[in-house]
Amino acid sequence: MRSSRRLDLVPPYLFAELERKVAAKRASGIDVISLGIGDPDMPTYEPIVAAAQRAVADPSTHRYPSNRGRQDFREAVAAFYRRRFGVELDPDTEVMPAIGAKECIFNLNLAFLDPGDVALAADPGYPVYTGGPLLAGAEPVLMALEPERGFAPALEEIPAEALERARLLFLNYPNNPTGAIAPDGLFEQVVAMATEHDLLAVHDNAYSEITFDGYVAPSFLQTPGAKEVGVEVFSLSKGYNMTGWRCAAIVGNAEAIAHYWRLKSNIDSGLFEAVQLAGVTALGPGLDVHVRGMNEIYARRRDLVCDALAQAGVDVTPPKATIYVWAPVPPGFESAAAYCEHVLERAAVVITPGGAYGPNGEGFFRISLTAPEDRLLEAVERLRSL
Ligand SMILES: Cc1ncc(COP(=O)(O)O)c(C=O)c1O
């Protein structure tokens, strides 16, 4: 059966392929340690689960939600942004729920891009920043994130012709896959560029709540002028161990959010109200203690992995945020993919090749810290003994 030509433009989603391989290995009795996908292994915090249980039992949540979202959800997001980032949001026009950040980022491409338009995407970067524009019939133009610049994109190297056609710019700090934090001055530079070239800056804020060593991640919207040119996509997936719930919000520029709403009302029917009510509990101040506890666990895991890699002679910078360690591929492998394939076949450990996040990720691999300490140690031990 023939699929659309549009679909042929994107490769199969990396983790869909990996899931298949891992399932086959496990079925044949192999003990696979999966440090591939960034899917937290810890459960959703108990108060969130309890709130959801109450909400699911309430028949008033069972009908079609509105795409605009519940008033209390939008107010909870606005209150969180005020408390956490000092950012003021109008809950009526500057906040809307999304069915996960992935949905939101993808749909922004459909809402803002026409054929011939460009989306500027970080390289390496979350795959939807490139798959989204392609599926929308537009063109992703890559901005290299260089380690020497703190993984800031080289904005001044974007070709003038691409900048002319650009309608969207995707940014993400704390960053997947590199674990980098927002470089000083970058957000200000992006606001200036977006203003000058009339493009929408989309900051993917999936990891702001997972930080270590006293680092506190900012919101892009704290930058003066950001709300005039940008939106931020805030996901509850990672910070609250809610990847399966599909709960996120888009915040910022009201006009952009209105376009997103118009698109979505033609595509989906909103976020289950019981999930929105779970989100209200998640974003309340009472949950901060749980987030701190989670960060302590990730920090210990990070130290353990980075120390073990350093002892094995791998040059790795411990990240100040996210659930990822980004490390160079050992010499002797023709590509990161070849190394990761070797590791899966010989050590039964799943790690992801940097090249899957863009050509500039080549030469690196990503370890996800989403396994208990004993499994992480075992995984690093297996890598070392290869
Ligand atoms: C940078 C980034 N954005 C978005 C997502 C997806 O978030 P969600 O679960 O809210 O769709 C991920 C998940 O790995 C991510 O790494």
Handout entry: Flag, side chain of Gln222 to backbone of Ser219, donor-acceptor distance under 3.5 Å
Key = yes
Handout entry: Phe80 and Phe85 aromatic ring geometry - parallel, tilted or perpendicular at 30°/60° bounds
Key = perpendicular
Exercise for the section: Could you check if a side-chain atom of His203 sits within less than 4.5 angstrom of a side-chain atom of Thr223, using non-hydrogen atoms only? Expected result: no
Exercise for the section: Could you grab the distance from atom CD of Gln189 to atom CG of Leu155, nearest 0.5 Å is fine? Expected result: 5.0 Å
Problem - Donor-acceptor contact present, side-chain Thr61 to main-chain Ala55, <3.5 Å - result: yes
Handout entry: Separation of Glu103 CD from Ile267 CD1 (nearest 0.5 Å)
Key = 8.0 Å
Handout entry: Side chain to side chain, Tyr240 and Leu283, heavy atoms closer than 4.5 Å
Key = yes
Fill in the blank from the handout: Result for side chain to side chain donor-acceptor pair (under 3.5 Å) between Asp31 and one of Lys25, Arg375, Arg26 points to Arg375
Problem - Linked, directly or transitively: Phe364 and Leu142 (ILVMFWY side chains, under 4.5 Å) - result: no
Problem - Pairwise salt bridge (Lys or Arg N to Asp or Glu O under 4.0 Å) hits with a residue in residues 299-308, at least two apart - result: Asp41-Arg301, Asp213-Arg302, Arg300-Glu373
Completion exercise
Smallest heavy-atom separation, Val291 atom then Gly239 atom, equals CG2-O, 4.0 Å
Exercise for the section: Cation-pi check, Arg366 to Tyr324: give yes when NZ or CZ is under 6.0 Å from the six-membered ring centre and within 45° of the ring axis, no otherwise. Expected result: yes
Practice task
With sequence neighbours excluded, tell me which residues meet side-chain hydrogen bond (donor to acceptor under 3.5 Å, both in side chains) with Gln276.
Solution key: none
Completion exercise
Correct closest heavy-atom pair for Leu200 and Ala256 would be CD1-CB, 3.9 Å
Exercise for the section: Identify the heavy atoms of Leu135 and Arg6 that sit nearest to each other, and give their distance. Expected result: O-CD, 2.8 Å
Handout entry: Nearest non-hydrogen partners of Ala101 and Asp204, listed with the distance
Key = CB-OD1, 4.5 Å
Fill in the blank from the handout: CG of Asp268 to CG of Asn266, rounded to nearest 0.5 Å, is 10.0 Å
Problem - Gap separating the OG atom of Ser208 from the OH atom of Tyr215, nearest 0.5 angstrom - result: 9.5 Å
Practice task
Tell me, yes or no, whether the heavy-atom count around Asp315 atom CG, taken from other residues, nucleotides or ligands under 6.0 Å, exceeds 12.
Solution key: no
Handout entry: Donor-acceptor under 3.5 Å (Arg70 side chain, Glu273 main chain)
Key = no
Practice task
Report the distance from atom OH of Tyr207 to atom OH of Tyr173, rounding to the nearest 0.5 Å.
Solution key: 14.5 Å
Problem - Test item: side-chain donor near acceptor, Thr243 and Asp39, under 3.5 Å - result: yes
Exercise for the section: Identify, with sequence neighbours excluded, every residue that meets side-chain hydrogen bond (donor to acceptor under 3.5 Å, both in side chains) alongside Arg68. Expected result: none
Exercise for the section: Starting at OH of Tyr81, measure out to CG of Asn205 and round the result to the nearest 0.5 Å. Expected result: 4.5 Å
Completion exercise
Heavy atoms of Pro91 and Ala78 approach each other most closely as CG-CB, 4.2 Å
Exercise for the section: Identify the heavy atoms of Leu199 and Leu168 that sit nearest to each other, and give their distance. Expected result: CB-N, 4.2 Å
